[in-house]
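A short worksheet on the structure shown next.
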Protein chains: 2
Amino acid sequence: MSPPIAPSIAHEQHRLIHDIYVLLDDGDRRVLQKVNLSPLEFSVLQRLDTAQGRRLTDIGAELLCVKSTITRLVDRLEAHGLVRRTPDPDDRRAQRLLLTPRGLALRDEAIRLHDAAVERRMGLLEPAEQQQLRMLLEKLRAGLSEDLESADQ
Amino acid sequence: MSPPIAPSIAHEQHRLIHDIYVLLDDGDRRVLQKVNLSPLEFSVLQRLDTAQGRRLTDIGAELLCVKSTITRLVDRLEAHGLVRRTPDPDDRRAQRLLLTPRGLALRDEAIRLHDAAVERRMGLLEPAEQQQLRMLLEKLRAGLSEDLESADQ
DNA sequence: ATGCAATAGTTGCAGTTGCAAGCAATTATA
DNA sequence: TATAATTGCTTGCAACTGCAACTATTGCAT
């Protein structure tokens, strides 16, 4: 049997999520390009503030990418004057990452653009459908997170 | 206002899909690593057969990646003896990509492993929920595809 | 028919990412 | 308290990807 194998229902859903993610990601890239950010850079900026700061490792954990990725991504953001590293007062190994005023302005502009695009695209579903979808996705995410934890060991 | 901005409902859904994709992708990588394939390589193999073959560009279009990516991905697969390029009888510019017997065996093994993992993870939802989710996702995908088309112009 | 635009595929190049190794500081253990 | 294991972050390296430029072929327009 050389031709493709009949896909199961679960498989079909998996593929749907994949396709939708790719479409959403593509749209995100287009929008964020207007403020010269990659989706990952945007995700980092979204998680920052100007006062308290966050540790690089924590951000990396949330974004499910390795520490070195964050290191270099932050290098770029810092070179563009969007963020600033400061020593962590509680742990001399750690750095706290802060938004600069310029970073704050850019982040808010990016959020504005991104939100508008997201609203438009998710608005393809009726409010009731969105509600339903959200419930299902939340359940799925919770389950998958657990699944990941157990796989880690 | 430096702290994160209140996220909209649409935004929340967007994020859910993102998170779920990342979790699923992570799981996929783990499973496919057992047969030494990346998710993208797996996607290519899934789309091939041993008889008719497919053109590189068509595969790239389906996978939403540029031609050069496919070129080099196929280079790797061919180096591992999993696929084979043959001239397209209808177009001397084109190549048709075929599964080798070894590629077929590996693909089927990969599908077996992958399907089992997918079933397990999507099985986190009840059958009725899966049905619902699938409907919503299909509607969303259709809308997003249209949205992409219009953005292309 | 002829020339021009589009298409199939490849290659050079630069950018991003993960992995493994390393350093400094902290926490746990004995 | 001395030592070992862990943690936070960085760096070298290799792999993968997109973009732009290029060749060869095809299709379309005069």
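Letters A, B, ... are given to chains in the order of the sequence lines, protein chains preceding strands, and every chain is numbered from 1.
Salt bridge status for A:Asp28 with A:Arg121: present, with a side-chain N to carboxylate O gap under 4.0 Å. At a threshold of 4.0 Å, the pair B:Arg134-B:Glu129 does not count as salt-bridged, since none of the basic side-chain nitrogens sits closer than that to a carboxylate oxygen. Salt bridge B:Asp108/B:Arg112: absent, no basic N to carboxylate O contact under 4.0 Å. Using a 4.0 Å cut-off between charged nitrogen and carboxylate oxygen, A:Arg29 and A:Asp25 count as a salt-bridge pair.
Rounded to an integer number of Å, the gap from B:Gln95 CD to D:dT23 P is 18 Å. The distance from atom CG of A:Asp58 to atom C1' of D:dT7 is 11 Å, rounded to the nearest whole Å. Nucleotide D:dC16 holds its P atom 13 Å from the CD1 atom of B:Ile70, rounded to whole Å. Between B:His80 atom NE2 and D:dA15 atom P there is a gap of 11 Å when expressed in whole angstrom units. Going from atom CZ of A:Arg54 over to atom P of D:dG8 covers 13 Å, rounded to whole Å. The distance from atom CD1 of B:Ile59 to atom C1' of D:dT17 is 17 Å, rounded to the nearest whole Å. Atom CG of B:Leu37 is separated from atom P of D:dC16 by 12 Å (rounded to the nearest Å). A:Leu56 places its CG atom 7 Å from the C1' atom of D:dC9, with the value rounded to the nearest Å.
Taking side-chain N and O atoms only, A:Arg92 has no distance below 4.0 Å to OP1 or OP2 of D:dG8. An OP1 or OP2 oxygen of D:dG8 is reached within less than 4.0 angstrom by a side-chain nitrogen or oxygen of A:Arg55. Listed pair B:Thr69 / D:dT17 fails the phosphate criterion, with no side-chain N or O lying under 4.0 Å from OP1 or OP2.
In this structure, B:Leu40 reaches the sugar-phosphate backbone alone: every heavy-atom distance under 4.0 Å involves primed, P, OP1 or OP2 atoms, never a base. Across all strands, B:Thr57 comes closer than 4.0 Å only to sugar-phosphate atoms, never to a base (heavy-atom distances). Nucleic acid contact class of B:Arg85 (heavy atoms, under 4.0 Å, all strands): sugar-phosphate only. At a threshold of 4.0 angstrom between heavy atoms, the contacts of B:Asp88 with the nucleic acid are absent. At a threshold of 4.0 angstrom between heavy atoms, the contacts of A:Arg76 are confined to the sugar-phosphate backbone, with no base atom among them.
Rounded to the nearest 0.5 Å, atoms CD1 (A:Ile17) and CG (B:Leu133) are 5.5 Å apart. Put simply, NE2 on A:His80 and OG1 on A:Thr100 are 12.0 Å apart, with the number rounded to the nearest 0.5 Å. To the nearest 0.5 angstrom, B:Leu137 atom CG is 12.5 Å from B:Lys139 atom NZ.
Below the 3.5 angstrom threshold, one finds a donor paired with an acceptor across the side chain of A:Arg93 and the base of D:dT7. Between the base of D:dC19 and the side chain of B:Ser68 there is a donor-acceptor pair shorter than 3.5 Å.
Residue whose closest nucleotide on DNA chain C sits further toward the 5' end, between B:Arg96 and A:Asp90: B:Arg96. Summary of the strand contacts: A:Gln33 and A:Asp91 both lie near DNA chain D, and taking for each the nucleotide with the nearest heavy atom, the more 5' one is attributed to A:Asp91.
Looking at B:Arg47, its side chain does come within 3.5 Å of a backbone N or O of B:Ser43 through a donor-acceptor pair.
When DNA chain C is scanned in the 5' to 3' direction for atoms under 4.0 Å from non-hydrogen atoms of chain A, the outermost contacting nucleotides are C:dT16 to C:dT26.
Side-chain proximity of B:Arg72 to D:dC9, D:dT26, D:dG18: nearest is D:dG18.
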